[in-house]
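Below is one structure, written out as structure tokens; comments come after it.
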Amino acid sequence: MAWKVEIDPGLCIASGSCPAIAPDLFTLDGPHARAVRDEVAEDERALDAADVCPAMAITVRDDSGRVIGPRP
């Protein structure tokens, strides 16, 4: 199964927390971070990155489209 990872460029402040947690999943691209791929294998680090994003700019969805990250 795969998860869909989205970063809202309108919210992202390029803090660098997501690539610090998972450099193979996220990268800084100018003034914003971006996911390296739109879909990733189920990886707890994607959820961790969504949880710690100070701007709450990362959304992770499961294969059914349900939001699973950030976690409450």
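Just so it is clear, the structure is predicted and the values come from calculations on it, not from any experiment. Scope of the values below: all heavy atoms of this structure, side chains included, with no hydrogens, waters or symmetry mates.
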If you take all heavy atoms of A55 and L11, which pair is closest and at what distance? CB-O, 3.1 Å
Under the side-chain contact (heavy atoms from CB on, under 4.5 Å) test against I58, which residue among C53, P70, C12, S17 passes? C53
Is the shortest distance from a Lys or Arg side-chain nitrogen in R37 or E6 to a carboxylate oxygen in the other one below 4.0 Å? no
Return the minimal non-hydrogen interatomic distance between A49 and I21, and the atom names on each side. CA-CD1, 3.9 Å
Test side-chain contact (heavy atoms from CB on, under 4.5 Å) on R66 and I68 and set out the steps. CA-CA 6 Å; R66 181 177 60 100; I68 57 172; 3.6 Å; yes
Mind listing the closest non-hydrogen atom pair of P54 and I13 along with its distance? CG-CD1, 4.0 Å
Looking at every non-hydrogen atom in both residues, tell me the closest pair between W3 and D43 and how far apart they are. CZ3-O, 3.1 Å
Between H32 and A14 (side chain of the first, backbone of the second, donor and acceptor by atom type, cut-off under 3.5 Å), is there such a pair? no
Donor-acceptor pair, side chain of D29 and main chain of A33, under 3.5 angstrom: no
Under a 4.0 Å threshold between the charged nitrogen and the carboxylate oxygen, would R71 count as salt-bridged to D48? yes
Any side-chain heavy atom of K4 sitting closer than 4.5 Å to one from V60? no
Under 4.5 Å between any side-chain heavy atoms of C18 and L25, yes or no? no
Salt bridge (charged side-chain N to carboxylate O under 4.0 Å, His left out) assessment of D24 paired with R45: CA-CA 10 Å; D24 56 320; R45 295 173 307 140; 2.8 Å; yes
Quick one: does any side-chain atom of D63 pair with a main-chain N or O of M1 as donor and acceptor, under 3.5 Å? no
Heavy-atom nearest pair, S64 first then D62, reads OG-OD1, 2.7 Å
